[in-house]
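Some notes on the structure that comes next.
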2 protein chains.
Amino acid sequence: MSKKKILIIDDDKELTELLSEYLSYEGFEVAACHDGVSGLARAYDMSFSLILLDVMMPKLNGFEVLKALGGQHKIPILMLTAKGDHDDRVLGLELGADDYLAKPFQHRELLARINAILRRITIVKQNDNNNVSQKINNVRLEHATREVFCHQQLVELTGTEFQILDLLMNNVSKIVSKNEISEQVMNRKLSAFDRSIDMHISNIRRKLLAFCPADKLKTIRGAGYIFLSGEIDGDKG
Amino acid sequence: MSKKKILIIDDDKELTELLSEYLSYEGFEVAACHDGVSGLARAYDMSFSLILLDVMMPKLNGFEVLKALGGQHKIPILMLTAKGDHDDRVLGLELGADDYLAKPFQHRELLARINAILRRITIVKQNDNNNVSQKINNVRLEHATREVFCHQQLVELTGTEFQILDLLMNNVSKIVSKNEISEQVMNRKLSAFDRSIDMHISNIRRKLLAFCPADKLKTIRGAGYIFLSGEIDGDKG
DNA sequence: AAACCAGTGTAAAGATTCTGTAAAGATATT
DNA sequence: AATATCTTTACAGAATCTTTACACTGGTTT
């Protein structure tokens, strides 16, 4: 991955210089502007991963730059200020800043905050693609597509079957009672002589066994069912 | 959109009570735990949008909870602490927290920080989708002219049909529920017995099938529709 | 050990829900 | 009004879910 680019908008040239050096050392590519107008122009460049924005500046101050960028700006912004003023801080956040750091600050804290923001973005992007997915004991469950794979092979489950398997896999090695299944999946209390859960379990088992040697759903007589986590058959699902 | 859920993990029950009230008033759904162990258990629930995590707690302290969650935790975390200690602050961020707020704090600042984190997530998710023009599986969608091409041939879709196809293509390989389609495209909640989406889907299918051999919209019974990304017919649209 | 019994597995039948689509009606646009 | 578009209605068919029925299991009582 290429270096992340950070734009510093601050009229304090001495500070800017120091920060540039420090952040470069930490592996970022740094650009700097010393007033709001030119900063705003650079900001539209869009190739920056993050903007460090000073509040007190000539021409356009930090808040005005924030407003100009509009609330839905794509580049995350970390505000810097000389004032420790609370209202300033909150105002910045409300106007769309992602974080706020009062001068003077330790370089290490600045770095930690920058990384926190960038890390969150990375995680969100990953999750958006990799969608919530879990794999236990060679059974993989894709929520986005509602698909289940056993040993890399697609297992066709119905909606209810999928939800029950999901519930069981979310409680690996824990007993899940029929009552819980009924309430969480079917939205109703388990009534006497209701055998539908038994049927669903039976169907899930049958479908999974078409691809796995061992049964992964264990019955606990009188208590419920468990999804077994044990590494029974050894491949990479 | 449903309410966002926030989990508070803090042993100070009085504070927790106040925060719950305040955040509920601001439109969040709030749950609370009073020690690290139970908090960690709830955190795995995964239905929370954000966690407020106190550092000083019995059993497991906040840092230990952070470590237990691992760096790549999907739920954003805002740390709270009584100490104004810088090193604590930085340590939390380095361990994977998204932000840090020192007690005592103003409710308004807390709210602003919570919103800043959630807003960033929303923006990232949106931007990941918003491409001006896209082509998937031989279907090309031109936003500028609102035209759709399938295998280079113009497909005449109505406005609603275009928007539905757009939504589905922005979520390739993800299930889009009828509810989402209704809310995002028609700006209304899906009411019972409303079959109009079925009709639109049916029409889109019919129009696309005039130019493609294979159906690209897959029905997931009881869940919604998916635009298939698979390279079914092999040319360059 | 035999009888008993509640809980379970599962095939098959029955009931229910969801979807596809034609056609008619309603609404909006020109 | 004429046209295009969207929604509702209606029915058929498909997929799914539930119930029924009977066999089996494991534990308990006699």
Side-chain angles (χ1 to χ4, degrees), chain A residues 145-148 154-168 175-210 212 214-228, chain B residues 146-148 154-168 175-210 214-228:
Chain A
T145 54
R146 255 179 191 235
E147 284 174 326
V148 175
L154 182 63
V155 184
E156 302 217 357
L157 297 189
T158 70
T160 305
E161 286 161 9
F162 182 92
Q163 288 183 71
I164 292 176
L165 185 57
D166 186 22
L167 180 62
L168 290 171
I175 296 181
V176 182
S177 71
K178 290 188 184 181
N179 219 322
E180 280 176 85
I181 296 176
S182 189
E183 288 183 5
Q184 300 228 15
V185 175
M186 287 104 142
N187 299 312
R188 69 179 187 232
K189 288 196 175 177
L190 185 64
S191 56
F193 311 118
D194 186 337
R195 306 298 311 286
S196 56
I197 290 174
D198 303 65
M199 279 312 306
H200 288 305
I201 294 284
S202 173
N203 289 329
I204 296 171
R205 274 192 179 125
R206 179 172 43 76
K207 291 178 181 178
L208 286 180
L209 279 173
C212 317
D215 187 4
K216 292 166 198 309
L217 304 186
K218 186 178 177 188
T219 304
I220 309 297
R221 193 187 169 86
Y225 297 94
I226 291 185
F227 184 92
L228 297 172
Chain B
R146 235 182 156 73
E147 282 175 327
V148 176
L154 182 63
V155 184
E156 302 218 356
L157 297 188
T158 69
T160 305
E161 286 161 8
F162 182 91
Q163 288 184 70
I164 292 176
L165 185 58
D166 185 22
L167 179 61
L168 289 171
I175 295 180
V176 183
S177 71
K178 289 189 184 180
N179 218 322
E180 282 176 85
I181 296 176
S182 189
E183 287 183 6
Q184 300 226 17
V185 175
M186 286 104 140
N187 298 312
R188 67 177 188 234
K189 287 196 176 177
L190 184 65
S191 56
F193 310 118
D194 186 338
R195 306 299 310 286
S196 56
I197 289 173
D198 302 63
M199 280 311 307
H200 289 304
I201 293 283
S202 175
N203 290 329
I204 296 171
R205 274 193 180 124
R206 179 171 43 75
K207 291 178 182 179
L208 286 180
L209 279 174
D215 187 4
K216 293 166 199 307
L217 304 186
K218 184 180 176 188
T219 303
I220 310 295
R221 183 181 231 262
Y225 297 94
I226 290 185
F227 185 92
L228 297 172

Q | Nearest-angstrom distance from the residue atom CD1 of Ile204(B) to P of dT5(D) | A | 13 Å

Q: Using side chain to side chain contact (heavy atoms under 4.5 Å, CB included) as the criterion, list what pairs up with Glu180(A), not counting sequence neighbours.
A: Val176(A), Ser177(A)

Q: Take atom CZ of Phe193(A) and atom C1' of dT8(C), then tell me their distance rounded to the nearest Å.
A: 15 Å

Q: Give the rounded distance in Å between these two atoms: NZ of Lys207(A) and P of dA15(D).
A: 12 Å

Q. When the distance from CD1 of Ile181(A) to P of dT8(C) is rounded to whole Å, what number comes out?
A. 11 Å

Q. What's the CG-P distance between Leu208(A) and dG9(C), to the nearest Å?
A. 15 Å

Q | Terminal helix-axis angle for the helix from dA1(C)-dT30(D) to dT30(C)-dA1(D), with five pairs defining each axis and rounding to 10 degrees | A | 40°

Q: Using atom types as modelled and distance alone, determine if a side-chain donor or acceptor of Asn203(A) lies under 3.5 Å from a backbone N or O of Met199(A).
A: yes

Q) Residues in side chain to side chain contact (heavy atoms under 4.5 Å, CB included) with Gln163(B), at least two apart? A) Arg146(B), Val185(B)

(Q) Test of understanding: with side chain to side chain contact (heavy atoms under 4.5 Å, CB included), list the residues that count as partners of Glu183(A), not counting sequence neighbours. (A) Asn179(A), Lys189(A)

Q: Provide the closest heavy-atom pair for Leu167(B) versus Gln184(B) in the form atom of the first, atom of the second, distance.
A: CD1-OE1, 4.0 Å

Q: In sequence, state the C-alpha distance, the side-chain angles, and the governing distance for Ile204(A) and Leu168(A), and then conclude on side-chain contact (heavy atoms from CB on, under 4.5 Å).
A: CA-CA 12 Å; Ile204(A) 296 171; Leu168(A) 290 171; 5.7 Å; no

Q. Looking at Thr160(B), does any N or O in its side chain come under 4.0 Å of the phosphate oxygens OP1/OP2 on dT5(D)?
A. no

Q. Closest approach of Asp194(B) and Asp198(B), non-hydrogen atoms and distance?
A. O-OD1, 4.1 Å

(Q) I want to confirm an ordering. Mapping Ser196(B) and Leu157(B) to their closest nucleotides on DNA chain D, which one lands closer to the 5' end? (A) Leu157(B)

Sequence neighbours excluded and cut-off under 3.5 Å, please list the side-chain donor-acceptor pairs for residues 218-227 of chain B, or say none.
{"residue": "Thr219(B)", "atom": "OG1", "partner": "Arg205(B)", "partner atom": "NH2", "Å": "2.6"}

Q. Counting only side-chain N and O atoms of His200(B), is one of them less than 4.0 Å from OP1 or OP2 of dT7(D)?
A. yes

(Q) Whole angstroms only, please: what is the CE-C1' distance between Met186(B) and dT7(D)? (A) 9 Å

Q | Protein-to-nucleotide contact annotation, 5' to 3' order, nucleotides 17-30 of chain C [B base; S sugar-phosphate only; - none; under 4.0 Å, heavy atom] | A | BBBBBB--------

Q) How close or far is atom C1' of dT20(D) from atom CG of Asp194(A), stated in whole angstroms? A) 12 Å

Q) Looking at Ile164(A), Leu165(A), Asp166(A), which one forms a side-chain contact (heavy atoms from CB on, under 4.5 Å) with Leu157(A)? A) Leu165(A)

**Q.** Whichever of Glu161(B) and Arg188(A) has its nearest DNA chain D nucleotide further upstream toward 5'
**A.** Glu161(B)

Q | Interatomic distance where CD1 belongs to Ile197(A) and P belongs to dT16(D) [whole Å] | A | 19 Å

